[in-house]
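By convention in this document, chain letters (A, B, ...) are assigned in the order of the sequence lines, proteins followed by strands, and residues within each chain are numbered from 1.
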Number of protein chains: 4
Amino acid sequence: MPSHRPGPPGGKREQNRRRRVQELTSAALELFLQDGIAGVTVDRITTAAGTSKGNFYRYFGDKEELVATLFAPLREGFEAALDRSEEVLSAARDHDELVAGYRLLGVSLGALLFAHSGVVRLYLQEARAPAVGARRPVRVLSDLVARRSITLTDVARENGLLRTVDPRVSALAVVGAVERMLWASLTGEHTFDPLQTAEALIAIVMDGLRPTTPAM
Amino acid sequence: MPSHRPGPPGGKREQNRRRRVQELTSAALELFLQDGIAGVTVDRITTAAGTSKGNFYRYFGDKEELVATLFAPLREGFEAALDRSEEVLSAARDHDELVAGYRLLGVSLGALLFAHSGVVRLYLQEARAPAVGARRPVRVLSDLVARRSITLTDVARENGLLRTVDPRVSALAVVGAVERMLWASLTGEHTFDPLQTAEALIAIVMDGLRPTTPAM
Amino acid sequence: MPSHRPGPPGGKREQNRRRRVQELTSAALELFLQDGIAGVTVDRITTAAGTSKGNFYRYFGDKEELVATLFAPLREGFEAALDRSEEVLSAARDHDELVAGYRLLGVSLGALLFAHSGVVRLYLQEARAPAVGARRPVRVLSDLVARRSITLTDVARENGLLRTVDPRVSALAVVGAVERMLWASLTGEHTFDPLQTAEALIAIVMDGLRPTTPAM
Amino acid sequence: MPSHRPGPPGGKREQNRRRRVQELTSAALELFLQDGIAGVTVDRITTAAGTSKGNFYRYFGDKEELVATLFAPLREGFEAALDRSEEVLSAARDHDELVAGYRLLGVSLGALLFAHSGVVRLYLQEARAPAVGARRPVRVLSDLVARRSITLTDVARENGLLRTVDPRVSALAVVGAVERMLWASLTGEHTFDPLQTAEALIAIVMDGLRPTTPAM
DNA sequence: CATGAATGAGGTTTCATTCAT
DNA sequence: GATGAATGAAACCTCATTCAT
């Protein structure tokens, strides 16, 4: 694949190209959710996208590149939200501003996850599988989530927001709890009222991690 | 495979047979952890177990059967622990007995998970992948975990041990948190002090789910 | 396999495609005659046809489909010949027209068998083997032959052309005799003069089945 | 397999041996009729015979040897019947004695085929398949049938019993007709009255091959 | 003697990727 | 650009035959 594309940027060719990529990724996502990334062949993707197998390789070097393309917006959105939150948190001068920072983060992430719910579900589904072949980009994201959630929790603990437990423990516990709820919700395992569930989760987390609570 | 085996029980043949099954399952487990259930061929398993490909099919109908064999002890142990705990809990007459019941469950499960840590890691790794082919037995266990944890949480809530949130939410949140910690621990993503981590987790959960705590 | 093919009809791709199918079926026929349908692997077929194993499955779903393709012309020709003959026979108004009808059938079938002698030999070779796997299409044809020959004989008997024996007996006897001669001839077991043999066979059949002859 | 067997001839060991061979061959015959000689594994045979796979090779060198054993009585009976008939025929001094000779042959063969109907059906089923592997002994018999029926017919023709057509034609036509009837009968394709059918067949053959009949 | 465990070649089918049209 | 034909490396599973118990 040449890096230079013919035609003017934004021109007809560019548009066609975008459309094709979009058709392929969304067809792939649907199939991946059904049968797993490793269980879907290039043939099925192109057939579902209404094009031909050979054409796939015009747009993606291989299946892994398509998966990376699929995850890019979620990963970038996640990093952006975290960057912004960390900025706000490090600028916070008192407890209320800190809490506001975390609220902001919650809202940003909620919006992000909602906007990419298909990819989120794919992420949850594939994140723990060995990062082999086309699945590598998933692991990139899951490492990111683990790393940044721990950093963030550390900030909170340093600011006296959390009880003084290992920040890796509290961070991963929260991540695990949230991911499990998302999984149940996205797969239809259970149907939850989103707002109510969010409130409940926040309450659990807040009380569970509240600093002054004496351990039982 | 005939059900009657030749040779005296406990004789050489019986021994060989047991050894083979053991060699195959443990070789398979190791490889599954490295490359995923779907990513490991029967050929590699038998080579690692020091036998021939064709011989695999004398012991297991197919890869799925081996996976089921691998998961059987964990699944059975899990059900036994849950059965016993539910019995104890339903017989509990006061708050302390209830808490003792949950403590018992925690200890039983801890011992179980520790005893089958390899399979536990495999479970965590594969539980969310589409339950296709050899992966089906994993899904059986994950459904079991979800179902029984919810039931158990419901018992706790009815007994006033938990705040009155949807038991599915608290149950899955706890399961998710615990699983995430186990995952980090078993994969070596982080090294935790087990006792300290258990204490921290229990404290988080207890405080997070304590009934009288007013929501923030 | 998509039903729409690229390229103009009659273009290079269409040509290549036809050629491949032709190469595969004729290579397969030759090998089938040597070693039996069940004794020939896809690998040998593709090697003989000068292509790769995987490519076979682009043209045929499996070996059975190739066999069905191989038998289609003979089966269709047989049905067409029988349809036409039955029409002629049912329109016949006197004995001579009836005999002429049967003569027509004999000529049609002779031409058909001659045109597809390879497939005919394969049919004779495989028709009685258990209709399992790739051999099923052969049984379809052999059932057809039995059924239609009996029907036809019944017509003849009702018109007083044959002695009043069970039409199944006379039909199958004639079919068996003819098939045995064809087999000897096609396998080179013996070399016959075709015309003379045909005459002899007809004479035997006609005399053997002639209505007015008193049983010995 | 040593050629010398332990134990006295006719002793317990000899008896056991015979019984085992009998169990194996009859189990094999049943399976062969269902799925073809090539489609039946040694494992299935031994399981059906109630013994173990390894044991098979104590009694037969390989599958082909079992098939040969299965066909031996029929082949020997056929040769004996033919030998006797040819003797009678060559000693015949007039037309009636000749006809009586053929009648004798018919009766002998009828009894033989009836006594070994399972093997006869297997013969019909496998006779034309390529004589490869375990199927070789079948071809031995089919060659025998062809050769001897022609010889016999030639004798008849030389004695003026048959019209002067190629004896191969009349012989094979009769063989083909008879085999086709047997096939229909033994497979249950049709149910015939045996006596009536035999009469009809004989009449057809006699009239069809009668010397003085002018060709149509 | 009897059993079934072991071997490994071989068969069918799938699929990522390249390439002619 | 688009199409699907071609390739060949695996993967799964079977089975005749040998051999330890």
Lys/Arg N to Asp/Glu carboxylate O, C/R17 vs C/E14, below 4.0 Å: no

When the distance from [atom1] of [X] to [atom2] of [N] is rounded to whole Å, what number comes out?
X     : N      : atom1 : atom2 : result
D/D43 : E/dA6  : CG    : P     : 15 Å
A/E65 : E/dA16 : CD    : P     : 15 Å
C/F60 : F/dA5  : CZ    : C1'   : 14 Å
A/N55 : E/dT21 : CG    : C1'   : 15 Å
C/D62 : E/dG11 : CG    : P     : 17 Å
C/F56 : F/dG8  : CZ    : P     : 18 Å
B/L24 : E/dA5  : CG    : C1'   : 12 Å
C/Q15 : E/dT21 : CD    : P     : 11 Å

Between [X] and [N], is there a contact of a side-chain N or O with OP1 or OP2 at under 4.0 Å?
X     : N      : answer
D/T51 : E/dA2  : no
B/R58 : E/dA5  : yes
B/K53 : E/dT7  : no
C/R20 : F/dA5  : no
A/T41 : E/dT14 : no
B/Y57 : E/dG8  : no

Nearest-nucleotide comparison on DNA chain E, the residue closer to the 5′ end among D/G50 and B/N16: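 Looking at DNA chain E, the more 5' nearest nucleotide goes with D/G50.
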
Closest-nucleotide 5' rank along DNA chain E - winner of A/G54 and D/S52: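 Nearest-nucleotide comparison on DNA chain E picks D/S52.
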
Does any non-hydrogen side-chain atom of [Y] lie less than 4.5 Å from one of [X]?
X     : Y     : value
D/I45 : D/F32 : yes
A/N55 : A/T46 : no
B/D43 : B/F56 : no

Strictly by Watson-Crick or wobble contacts shorter than 3.5 Å, is anything paired with [N], and which nucleotide is it?
N      : result
E/dA16 : F/dT7
F/dT14 : E/dA9
E/dT21 : F/dA2

Result of checking A/L29, A/L70, A/L66, A/V138 against A/I37 for side chain to side chain contact (heavy atoms under 4.5 Å, CB included): A/V138

Touch class at under 4.0 angstrom, heavy-atom based, for B/R44 against every strand present: nothing

